[in-house]
Amino acid sequence: MKEQLTLLIQQALDALVADAVLPADTAPQIQIERTRDKSHGDLACNIALALAKTARRKPRELAEQICAAMPASPLVTRTEIAGPGFINFFLSDDTAQSVIRRIFEQGTAFGTNDSGAGRKVQVEFVSANPTGPLHVGHGRGAAVGDSLCRLLAATGWDVASEFYYNDAGAQIDNLALSVQARCKGLTPEDPAWPQDGYRGDYIAELAQAYLRGDTVDAEDRHVTGSGDADDLDDIRQFAVAYLRREQDLDLKAFAVHFDEYFLESSLYADGAVERTVARLVETGHCYERDGALWLRTTDYGDDKDRVMRKREGGYTYFLPDVAYHLNKWQRGFERVINEQGADHHSTVTRVRAGLQALQQGIPEGWPDYVLHQMVTVMRDGEEVKLSKRAGSYLTLRDLIDEVGRDATRFFLVARAPNSQLTFDIDLALSQSNENPVYYIQYAHARSCSVMRKLAEQGWDWQAQDALQHLDQLQEEHEKTLLRELDRYPEIVANAALNSEPHTVATYLRELAGAFHTWYNAHKMLVEDRPVRDARIALSQAVGQVIANGLDLLGVSAPEVM
RNA sequence: GGGGGUAUAGCUCAGCUGGAUAGAGCACCGGCCUUCUAAGCCGACGGUCGUAGGUUCGAAUCCUACUACUCCCGCCA
């Protein structure tokens, strides 16, 4: 639609250049935008405002000339000059109604496009360390990351989702020591409790399972505890598997799937870390100081250099991070999006710097990052403090159990990742009726309900017949809905392009609102068959788009509520 | 002190990459169920878009400087 109007404008401009109204080198960007106010038509173009100066004419006067030079088109019933010099387009009824035909033809594919052209993209998200259950912050990452995957797939990318976890570092040692302490009957209050040990109750449960000799089946590993409280290595293996399984269950309950679980330890095992160090030394961006090996990340915009190998010989997390991302690059992901908490912001510059220092032809801004801000949880009007080590804990699973998966996902994905989010449990619990997700789902359920009612009345409805009567959609509310439906493909395209899943949620809220308004204002199941057929077609189209949109958010579209 | 982020209605947030009179939802007030699901609808109320400059036909949106809140600044991840 926009493309076709752009073409019309372009033809008009060409004609004006030929008439020497515009200079020959005129090459403006033609912007067509949707109008906010219906009295301004359906679409508008600001080209006359933009070109007024070079044309040395008043904007409105130039707009007149552009309109006069524009070829006629069946898409448009009329154009109008308005305001300071906008050209407003009024689409023909047939053009506006054709969106229903497209929705019926494309079904669940309506709104998708192939702009990704099958290129490989990886989205890494959650990536929680196996040192405790997933909390609400991880939930935000899961909701946003999974929705990003769906959006990218919907726009033609070949998407791979990945969960990276540290199964070898200092935090894991810390975990093993904490479990061992529990095995030996210590509690966090005990003076002999490990420094910075994990204090949560789940550590005690874990210790019991280990002592019992339980077998755990995690997504990527299966371990049986020996029950030997002195075998720290065995405890480590068991604890990691145990917590990985817990996280798997959380993710399953959240309907989030990963194609790959990537172990940090594998980077050591296959020599990738060593090779990365060697390469960095080779390219000359390293130096030794105070017994440690440093990478001169300041060469690439960091505010200070970073240690890669510690004085005592071990590596900092920074180095495996670089090795890991090199691995991603070598796997052929031309685009990688890392969804993480904003508290990891400082790694962005560092990882990119490390990759540049490798001199492997990796683009400068690679990889992309989507950082989400903190989630604050409120209960009884007070902030719930989350601290793994202190043991005060509200897990993602608690939240799903309390308010449901759909509501949890919707809440966590419905806001711009870059703004802080307050998750008010009391609101989500006691007033779940006011939850926006129900509002949207209800619109979908209503569109399904009408079909059931139709059958009860013994009436028949066929899509192909109904499409013959779309000209019956003459109510203002119906025209509003048609406009809303027509926006959807752009919403999806922009959400994917800008990594902003929340815009889909905003859109669905608006579409559902327009539907409810119409539903209350006009009856669908009327005696007049052409009108009835057309209205049901509209209702079905809305239901389809809501279902498509909710799916991009990982939220269900129930047929009955 | 350095860096990231945020600041829009009483509260929670949108604002389509610079457009026309800044929008929703809660909350509060007033209406609508013998009619396809009232988890709904309609109306009213509510704003110096943090402050001050700048860029231009035009700024909530872009730039600069302040202010407030928040996160990060480890040879932890």
Side-chain angles (χ1 to χ4, degrees), chain A residues 31 33-37 39-40 44 46 48-50 52-53 58-59 82-86 88 127-129 131 165-166 169-172 174 196 264 290-294 303-304 306-318 320-321 341-349 371 373-374 376 414-422 424 427 431-439 441-443 445-454 456-457 487 490-491 494-495 497-498 500 502-503 505-507 509-510 512-513 515-526 535-536 539 560-561:
Chain A
Q31 287 178 30
E33 60 191 15
R34 288 169 192 281
T35 57
R36 202 180 316 168
D37 188 333
S39 68
H40 297 145
N46 64 355
L49 292 163
K53 187 167 273 183
K58 290 176 185 166
F86 291 104
N88 293 338
S127 294
N129 282 340
T131 54
Y165 68 96
N166 171 335
Q171 296 305 332
I172 298 297
N174 196 4
D196 294 328
E264 184 186 4
D290 303 333
L293 184 65
W294 297 67
D303 56 351
K304 54 180 166 181
R306 306 291 167 176
V307 170
M308 301 192 306
R309 191 171 58 217
K310 299 182 239 180
R311 195 180 307 134
E312 31 81 5
Y315 295 109
T316 63
Y317 66 89
F318 161 54
D321 269 4
D343 54 337
H344 287 251
H345 178 267
S346 57
T347 67
V348 176
T349 310
L371 303 177
Q373 296 292 324
M374 300 290 103
T376 310
R415 279 176 197 151
N418 234 340
S419 65
Q420 292 172 48
L421 187 151
T422 303
D424 188 333
L427 185 77
Q431 304 185 3
S432 61
N433 299 0
E434 295 157 8
N435 201 318
V437 69
Y438 293 123
Y439 183 86
Q441 289 178 319
Y442 187 40
R446 272 184 155 174
S447 79
C448 295
S449 170
V450 168
M451 292 308 277
R452 289 190 296 270
K453 213 70 186 178
L454 177 91
E456 279 174 31
Q457 303 240 350
R487 285 172 62 204
E490 281 170 38
I491 296 288
N494 284 329
L497 193 66
N498 302 322
E500 292 177 337
H502 73 282
T503 55
T506 304
Y507 166 80
R509 182 66 183 70
E510 287 166 6
F515 179 78
H516 286 310
T517 294
W518 174 59
Y519 183 96
N520 275 275
H522 306 284
K523 195 167 164 120
M524 291 183 220
L525 300 181
V526 292
R535 287 183 176 172
I536 289 172
S539 166
V560 185
M561 288 177 74

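Lettering of chains follows the sequences in order, A, B, ..., and the numbering in each one begins at 1.
- Contact detail for A:L371 and A:A342: the closest heavy-atom pair is CB-CA, 4.1 Å.
- Contact annotation: A:K310 side-chain N/O to B:C76 OP1/OP2 distance is under 4.0 Å.
- Partners of A:E490 according to the side-chain hydrogen bond (donor to acceptor under 3.5 Å, both in side chains) rule, which considers only residues two or more places apart in sequence or in another chain, are A:K2, A:R34.
- Nearest to the side-chain atoms of A:L525 among the listed nucleotides B:C41, B:C36, B:C16 stands B:C36.
- Every residue was checked against the side-chain hydrogen bond (donor to acceptor under 3.5 Å, both in side chains) condition with A:R36, not counting sequence neighbours, and none meets it.
- Stacking of A:R487 on the aromatic ring of A:Y507 is not recorded, the 6.0 Å distance cut-off and the 45° axial limit not both being met.
- Where A:G83 and A:T422 each meet RNA chain B at their nearest nucleotide, the meeting point lying more 5' is that of A:T422.
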Take nucleotides 1-8 of chain B nucleotide by nucleotide from the 5' end and write B, S or -, depending on whether a protein heavy atom sits under 4.0 Å from the base, only from the sugar-phosphate, or from neither.
---BBS--
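- Centre separation under 5.5 Å together with a plane angle under 30° holds for the ring of A:H40 and the six-membered base ring of B:A20, marking them as stacked.
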Any N/O pairs under 3.5 Å between the protein and nucleotides 56-63 of chain B? List them or say none.
| unit_1 | atom_1 | unit_2 | atom_2 | d |
| --- | --- | --- | --- | --- |
| B:C57 | OP1 | A:K53 | NZ | 2.8 |
| B:C57 | OP2 | A:K53 | NZ | 2.8 |

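- Applying the side-chain hydrogen bond (donor to acceptor under 3.5 Å, both in side chains) criterion to A:D37, with sequence neighbours excluded, gives A:S39.
- At least one side-chain nitrogen or oxygen of A:H502 sits closer than 4.0 Å to the OP1 or OP2 atom of B:G15.
- Across all strands shown, A:V560 has heavy atoms under 4.0 Å from base atoms, whether or not it also approaches the sugar-phosphate.
- OP1 or OP2 of B:C41 lies within a sub-4.0 Å distance of a side-chain N or O belonging to A:Y439.
- A:K310 is linked by a side-chain contact (heavy atoms from CB on, under 4.5 Å) to A:E312, A:T316, counting only residues two or more places apart in sequence or in another chain.
- Judged purely by distance below 3.5 Å, without hydrogens or angles, the side chains of A:N129 and A:Q171 never pair a donor atom with an acceptor atom.
- Between A:F515 and A:S447 there is a side-chain heavy-atom pair separated by less than 4.5 Å.
- In this structure, the side-chain hydrogen bond (donor to acceptor under 3.5 Å, both in side chains) partners of A:W518, at least two apart in sequence or on a different chain, are A:E478.
- RNA chain B contains the following stems of three or more consecutive Watson-Crick or G-U pairs, with both distances under 3.5 Å: B:1-7 with B:67-73, B:10-13 with B:23-26, B:29-32 with B:40-43, B:50-54 with B:62-66.
- The shortest distance between side-chain heavy atoms of A:W294 and A:R306 does not fall below 4.5 Å.
- Residues forming a side-chain contact (heavy atoms from CB on, under 4.5 Å) with A:M561 (at least two apart in sequence, or on another chain): A:Y438, A:Q441, A:Y442, A:A445, A:P558.
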Polar-atom pairs under 3.5 Å, protein N or O versus N or O of nucleotides 29-35 of chain B: list them with distances, or write none.
| unit_1 | atom_1 | unit_2 | atom_2 | d |
| --- | --- | --- | --- | --- |
| B:U35 | O2' | A:K523 | NZ | 2.9 |

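- The side chain of A:R446 places an N or O atom within less than 4.0 Å of a non-bridging phosphate oxygen (OP1 or OP2) of B:A38.
- Take A:K58 and apply the side-chain contact (heavy atoms from CB on, under 4.5 Å) test, not counting sequence neighbours, and it matches A:E61.
- With sequence neighbours left out, the side-chain contact (heavy atoms from CB on, under 4.5 Å) criterion links A:R311 to no other residue.
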